[in-house]
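Data block below; observations after.
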2 protein chains.
Amino acid sequence: MNASAKPERTRLSAEDWEDAALRLIADQGVGALAVEALARQLGVTKGSFYWHFRTREALLQAALERWEQYGEKEVISQIEAMPDPRARLPELFRRVAHEIAPHRVYAALLKALDHPQVVPVMARVSQRRMEFLTTIYSEAGLSPEEALNRARLTYAAYVGFLQLNFTLGLPRISHDEFDAYVEHMIRTLTPA
Amino acid sequence: MNASAKPERTRLSAEDWEDAALRLIADQGVGALAVEALARQLGVTKGSFYWHFRTREALLQAALERWEQYGEKEVISQIEAMPDPRARLPELFRRVAHEIAPHRVYAALLKALDHPQVVPVMARVSQRRMEFLTTIYSEAGLSPEEALNRARLTYAAYVGFLQLNFTLGLPRISHDEFDAYVEHMIRTLTPA
DNA sequence: TCGATACCATACGCACGAGTATGGATGGCA
DNA sequence: TGCCATCCATACTCGTGCGTATGGTATCGA
């Protein structure tokens with residue numbers, strides 16, 4: 001089939017393995033993270049892997065930390081830079097809705113919450129994002145309690161959407177219909 | 001530790017294995033469904049299992065079908081029996097929010113969407129529930145498109161909530177705070 | 001040019017879980 | 001009472017994937 005899609009003849013670094021691991025996680029899940037499979041995909045063998053990492057668990061850990069680092073930083077800062085607080089929410093929703101790629105790892109990790117290694121990472125990331133949402137809702141005029149609950153609701157809707165659409169393949173929604181859904185969501189979740 | 005918590009000295013039936021499988025799935029996930037582990041938990045050995053089922057896959061299939069059968073039937077019919085359409089949504093939300101046990105299997109299955117066997121089951125169940133929500137929203141006064149989108153949003157919020165709270169253990173929300181969250185959700189998702 | 005270090009291949013051992021073979025126990029029914 | 005079907009135990013095989021041991025090749029500085 002593909003076998004050697006990457007004829008990279010340079011030597012590999014630990015970062016290369018971490019990136020490959022994240023790609024594999026994104027489209028096959030954490031459970032599919034096997035060292036021999038990864039090695040095959042990179043055109044090398046296990047011998048290479050165990051030079052860079054002590055164990056499979058160590059690779060997962062490194063990949064997760066790498067993902068947590070180079071995460072959503074840009075999106076958050078760009079939204080925060082917007083002058084009008086009321087305009088931030090619709091913009092955030094539309095951006096998130098149309099950039100699918102960055103969310104694929106998050107979606108895969110959501111299905112791996114039985115793995116003890118992913119729990120703390122996901123807890124930190126989700127916590128940070130919800131705090132961000134809470135401050136945005138506050139700045140949009142909600143009281144502290146209302147802002148917190150609305151952030152919880154919004155984030156839950158985001159997480160649920162990921163599950164129901166990319167992992168489960170519910171009756172493939174069309175593009176236009178999806179846009180309509182996003183706008184409906186903006187209307188109902190944004191303070192009047 | 002526990003080893004033989006169930007001193008059931010009667011012979012086992014296929015249904016016994018299916019129920020045990022569902023219990024195990026509920027609190028350890030689909031990945032933990034191993035025949036020797038299940039046998040140990042039931043106080044027997046593999047020999048028993050392979051008399052009732054041809055394979056592990058067959059057990060999973062049977063357990064999933066069993067779960068799909070004896071599912072949420074009662075809740076739906078009870079809600080439908082309520083005379084006032086506007087009162088149905090708050091009641092549904094409160095019921096679902098306070099009955100955690102029945103949702104544990106669903107939450108576990110949500111994390112197993114890479115398993116080909118669980119996808120069709122989850123697709124059917126989720127589809128039915130969303131259709132139910134859609135009709136409720138219609139009866140509460142929303143237009144067909146609005147009702148459908150609101151149902152999608154509500155169900156996504158439900159699914160996301162399951163992930164963020166029982167599987168991920170986000171900053172343990174208190175009981176009162178949880179009730180406040182549910183009421184907030186009712187206010188924002190129920191048509192005025 | 002010549003090691004030394006970094007990177008990789010090959011060939012193992014080993015644990016674990018699915019599935020098979022076969023014989024033993026138990027209960028209902030003639 | 002004896003027989004047959006049902007249910008279960010024991011003891012294997014086998015595939016898979018992690019980790020190890022050890023030797024080979026490339027690259028760079030002295």
Side-chain angles (χ1 to χ4, degrees), chain A residues 1 3-25 27-64 108 111-112 114-118, chain B residues 1 3-25 27-64 108 111-112 114-118:
Chain A
M1 310 305 182
S4 59
K6 304 251 172 194
E8 331 243 331
R9 279 293 130 246
T10 65
R11 321 283 273 283
L12 297 176
S13 68
E15 287 76 23
D16 293 327
W17 286 94
E18 295 168 10
D19 287 340
L22 287 175
R23 279 196 302 272
L24 202 154
I25 288 173
D27 48 63
Q28 296 193 238
V30 176
L33 186 61
V35 324
E36 308 203 41
L38 248 193
R40 207 167 19 248
Q41 185 175 318
L42 286 172
V44 292
T45 64
K46 309 168 53 160
S48 172
F49 177 83
Y50 285 99
W51 192 89
H52 295 285
F53 297 92
R54 232 173 48 77
T55 169
R56 185 204 108 117
E57 189 178 344
L59 170 66
L60 217 200
Q61 194 62 38
L64 290 175
K111 299 189 300 185
D114 24 19
H115 251 80
Q117 292 187 78
V118 320
Chain B
M1 307 308 184
S4 59
K6 305 251 173 194
E8 332 242 332
R9 278 292 131 246
T10 66
R11 319 283 273 280
L12 296 176
S13 69
E15 287 77 22
D16 292 328
W17 285 94
E18 296 167 10
D19 286 340
L22 287 175
R23 278 197 300 272
L24 201 154
I25 288 173
D27 49 64
Q28 297 194 239
V30 176
L33 185 60
V35 325
E36 308 203 36
L38 248 193
R40 209 167 16 248
Q41 185 173 318
L42 286 171
V44 292
T45 65
K46 307 168 57 157
S48 170
F49 177 83
Y50 285 99
W51 193 89
H52 297 284
F53 298 91
R54 232 174 50 76
T55 169
R56 185 204 108 117
E57 189 177 344
L59 169 67
L60 217 199
Q61 195 62 39
L64 290 174
K111 298 189 301 184
D114 25 19
H115 252 81
Q117 292 187 81
V118 320

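To find a chain, count down the sequence lines: A is the first, B the second, and so on, and within it residues start at 1.
- For the pair Ala32(B) and Leu24(B), the tightest heavy-atom approach, listed with the atom from each and the gap, is O-CD2, 3.3 Å.
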Atom pairs and distances, donor-acceptor, side-chain atoms in residues 12-21 of chain A, under 3.5 Å, two or more places apart:
residue: Ser13(A); atom: OG; partner: Glu15(A); partner atom: N; Å: 3.4
residue: Ser13(A); atom: OG; partner: Glu15(A); partner atom: OE1; Å: 3.3
residue: Ser13(A); atom: OG; partner: Asp16(A); partner atom: N; Å: 3.4
residue: Ser13(A); atom: OG; partner: Asp16(A); partner atom: OD2; Å: 3.3
residue: Asp16(A); atom: OD2; partner: Ser13(A); partner atom: N; Å: 2.9
residue: Asp19(A); atom: OD1; partner: Arg66(A); partner atom: NE; Å: 2.7

> Taking it one step at a time, do Val35(B) and Tyr50(B) satisfy side chain to side chain contact (heavy atoms under 4.5 Å, CB included)?
Replying inline: CA-CA 9 Å; Val35(B) 325; Tyr50(B) 285 99; 4.1 Å; yes

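- Once you apply a 4.0 Å limit to the heavy atoms of chain B, the touched nucleotides of DNA chain C run 5' to 3' over dA18(C) to dG27(C).
- To the nearest 0.5 angstrom, Leu60(B) atom CG is 9.5 Å from Thr55(B) atom OG1.
- The line from CG of Leu59(A) to CG of Leu64(A) is 9.0 Å long, rounded to the nearest 0.5 Å.
- Annotation for Ala62(A) and Phe53(A): closest pair CB-CE2, 4.0 Å, computed over non-hydrogen atoms.
- Interface residues of residues 29-39 of chain A facing DNA chain C, ordered by number: none; criterion, heavy-atom separation under 4.0 Å.
- Looking at residues 54-63 of chain A, you'll see Thr55(A), Arg56(A) sit with a heavy atom under 4.0 Å from some atom of DNA chain D.
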>> What verdict does the side chain to side chain contact (heavy atoms under 4.5 Å, CB included) test give for Asp114(B) and Gln28(A), after you've listed the backbone C-alpha separation in whole Å, the side-chain angles of each residue and the deciding distance to 0.1 Å?
In response: CA-CA 8 Å; Asp114(B) 25 19; Gln28(A) 296 193 238; over 6 Å; no

> What string of B, S and - do you get for nucleotides 2-12 of chain D 5' to 3' if you count protein non-hydrogen atoms under 4.0 Å?
Replying inline: ----BBBBB--

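- Annotation: salt bridge (Lys or Arg N to Asp or Glu O under 4.0 Å) contacts involving residues 45-60 of chain A, sequence neighbours excluded, comprise Glu36(A)-Lys46(A).
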